[in-house]
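As structure tokens, the structure follows; a few thoughts come after it.
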Amino acid sequence: MPDNEQEPQVENTEAAEQQEAAPRQRQPRRSRASATAEAEAPATPSAPYPRLLDTYRNEIVPAMMSEFGFTNTMRVPRVQKIVVNIGLGEALTNGRAMEAATRDLTIITGQKPIITRARKSIAGFKLRAGNPIGTCVTLRGPRMYHFLDRLINTALPRIRDFRGISRRGFDGRGNFSLGIREQIIFPEIDYNQIDRFRGLQVTVITSAQNDAESIRLLEMFGMPFIRAE
């Protein structure tokens, strides 16, 4: 009888060991790199690759090196940043204007803007230093190329009686400024959700040494300049 009583104890012991080992087999140890990648994957979805950036690298750089005689690819002009600004003189009397303009600029650029404030007081305009007078966004990297693509190929063609962009917006150092009268030319803006029409200014800062290089760079991106003025 003692021998018969010991056998089930051995079987129970083996079954318990299998049950304890089972959870460890279902959850294998993961490396720190794989755990980090899995944690970041859902939080940072991959953004689409900028089409204009691919055009710049594969088409614009070789063409400009041949046309201007550049011997180094780093010498080829490139777009460094784009600044989008909305001036709000009405913010002094309309408290909701800043909120509405900030919302519109966020929708247009996909980036939260900052509020610009007056640096000094001007009695004639009833302006005091520190008063909010506008909102501004600075775009760099892929988001900059996405905005430039939408501006050239989607927003500008929606302007009524559009005949092209003037070449007078260059500052002599390769930078270009463009004024837009209405924010509704961007398809992201819902006409029924805006409180009023507001203009905005787009400034494209490039690494070009002169206006000729900058004009050619933007032309190859597709900027619809007026050919003859």
Side-chain angles (χ1 to χ4, degrees), residues 40 44-87 104-114 116 134-159 162-181 183 185-189 199-229:
E40 292 181 351
T44 56
S46 58
Y49 187 78
R51 184 180 64 87
L52 288 189
L53 179 57
D54 187 61
T55 302
Y56 174 77
R57 292 175 175 174
N58 298 328
E59 300 178 14
I60 297 178
V61 170
M64 294 198 68
M65 289 184 67
S66 176
E67 183 173 344
F68 290 91
F70 299 136
T71 57
N72 190 338
T73 57
M74 299 301 294
R75 177 63 180 79
V76 178
R78 64 185 183 278
V79 179
Q80 295 179 325
K81 62 182 178 180
I82 296 178
V83 180
V84 187
N85 172 60
I86 297 179
D104 291 345
L105 197 55
T106 302
I107 295 174
I108 291 172
T109 63
Q111 181 173 313
K112 185 177 181 181
I114 62 172
T116 55
T135 180
C136 176
V137 164
T138 301
L139 302 173
R140 294 182 175 88
R143 190 170 292 173
M144 172 189 70
Y145 284 101
H146 285 306
F147 172 80
L148 185 62
D149 193 357
R150 289 186 290 110
L151 174 67
I152 294 173
N153 299 300
T154 305
L156 291 179
R158 289 165 58 93
I159 298 177
F162 179 70
R163 298 182 180 179
I165 300 298
S166 174
R167 298 172 183 261
R168 299 177 181 176
F170 291 89
D171 63 352
R173 293 174 293 180
N175 304 319
F176 175 70
S177 295
L178 169 66
I180 298 175
R181 294 183 178 180
Q183 78 275 35
I185 67 171
F186 292 92
E188 298 86 359
I189 298 296
L200 52 92
Q201 183 181 29
V202 179
T203 303
V204 182
I205 292 89
T206 73
S207 62
Q209 299 296 320
N210 51 63
D211 289 348
E213 296 178 0
S214 181
I215 290 174
R216 186 55 180 154
L217 173 65
L218 295 180
E219 281 181 340
M220 298 185 74
F221 273 127
M223 186 70 73
F225 289 113
I226 299 175
R227 293 188 176 181
E229 293 186 346

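Bear in mind the structure is a predicted one, so any value in this text is a computation, not a measurement.
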Name each donor-acceptor pair under 3.5 Å that joins a side chain in residues 172-179 to protein atoms two or more places apart or in another chain, with its distance.
{"unit_1": "N175", "atom_1": "OD1", "unit_2": "T206", "atom_2": "N", "d": "3.2"}
{"unit_1": "N175", "atom_1": "ND2", "unit_2": "D171", "atom_2": "OD2", "d": "3.1"}
{"unit_1": "S177", "atom_1": "OG", "unit_2": "T203", "atom_2": "OG1", "d": "3.4"}

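Nearest heavy atom pair, residue I152 against residue F221, reads CD1-O, 4.0 Å. Looking at every heavy atom in both residues, S207 comes nearest to Q80 through CB-NE2, 3.5 Å. In terms of heavy-atom proximity, P113 sits nearest to T106 at CD-OG1, 3.0 Å. Taking both residues in full, the closest heavy atoms of C136 and V83 are given as SG-CG1, 3.5 Å, listed atom of the first, atom of the second, then distance. Across all their heavy atoms, I226 and R167 have their closest contact at O-NE, 2.7 Å. For the pair Y49 and D54, the tightest heavy-atom approach, listed with the atom from each and the gap, is CE2-CB, 3.6 Å.
No donor-acceptor pair closer than 3.5 Å links the side chain of R181 to the backbone N or O of I159. No donor-acceptor pair under 3.5 Å is formed between the side chain of R143 and the backbone N or O of T109. Remark: the backbone N or O of A208 is not paired with any side-chain donor or acceptor of S214 at under 3.5 angstrom.
Between L151 and I82 the shortest side-chain heavy-atom distance does not fall below 4.5 Å. For the pair F162/P224, a side-chain contact is recorded, criterion being any heavy-atom separation below 4.5 Å from C-beta on. The side-chain heavy atoms of R75 and Q209, taken from C-beta on, include a pair separated by under 4.5 Å.
To the nearest 0.5 Å, the span separating OG1 on T135 from CD1 on I114 amounts to 7.5 Å. Taken from CZ in R168 to CG in D211, the straight-line distance is 14.0 Å, to the nearest 0.5 Å. In this structure, the separation between CD on E213 and CG on L217 is 9.5 Å, given to the nearest 0.5 Å. Taking CG of N153 as the reference point, atom CZ of R158 lies at 13.5 Å (rounded to 0.5 Å).
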**OP:** For the pair R57 and L53, evaluate side chain to side chain contact (heavy atoms under 4.5 Å, CB included) and give the outcome as yes or no after the intermediate values.
**Re:** CA-CA 6 Å; R57 292 175 175 174; L53 179 57; 3.7 Å; yes
**OP:** Would you check, one step at a time, whether the test side chain to side chain contact (heavy atoms under 4.5 Å, CB included) holds for V76 with M65?
**Re:** CA-CA 7 Å; V76 178; M65 289 184 67; 3.4 Å; yes
Subject >> Step-by-step side chain to side chain contact (heavy atoms under 4.5 Å, CB included) determination, E188 to Q183 >> reply: CA-CA 10 Å; E188 298 86 359; Q183 78 275 35; over 6 Å; no
Original post:
Step by step, would you call V137 with I108 a side chain to side chain contact (heavy atoms under 4.5 Å, CB included)?
Top reply: CA-CA 10 Å; V137 164; I108 291 172; over 6 Å; no
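With sequence neighbours excluded, the residues that form a salt bridge (charged side-chain N to carboxylate O under 4.0 Å, His left out) with R51 are D149. Checked against salt bridge (charged side-chain N to carboxylate O under 4.0 Å, His left out), R216 has the following partners two or more places apart in sequence or in another chain: E67, E219.
Atom CZ of R150 has more than 12 heavy atoms from other residues, nucleotides or ligands within 6.0 Å.
Ring planes of F186 and F147: parallel class, angle under 30° (limits at 30 and 60°).
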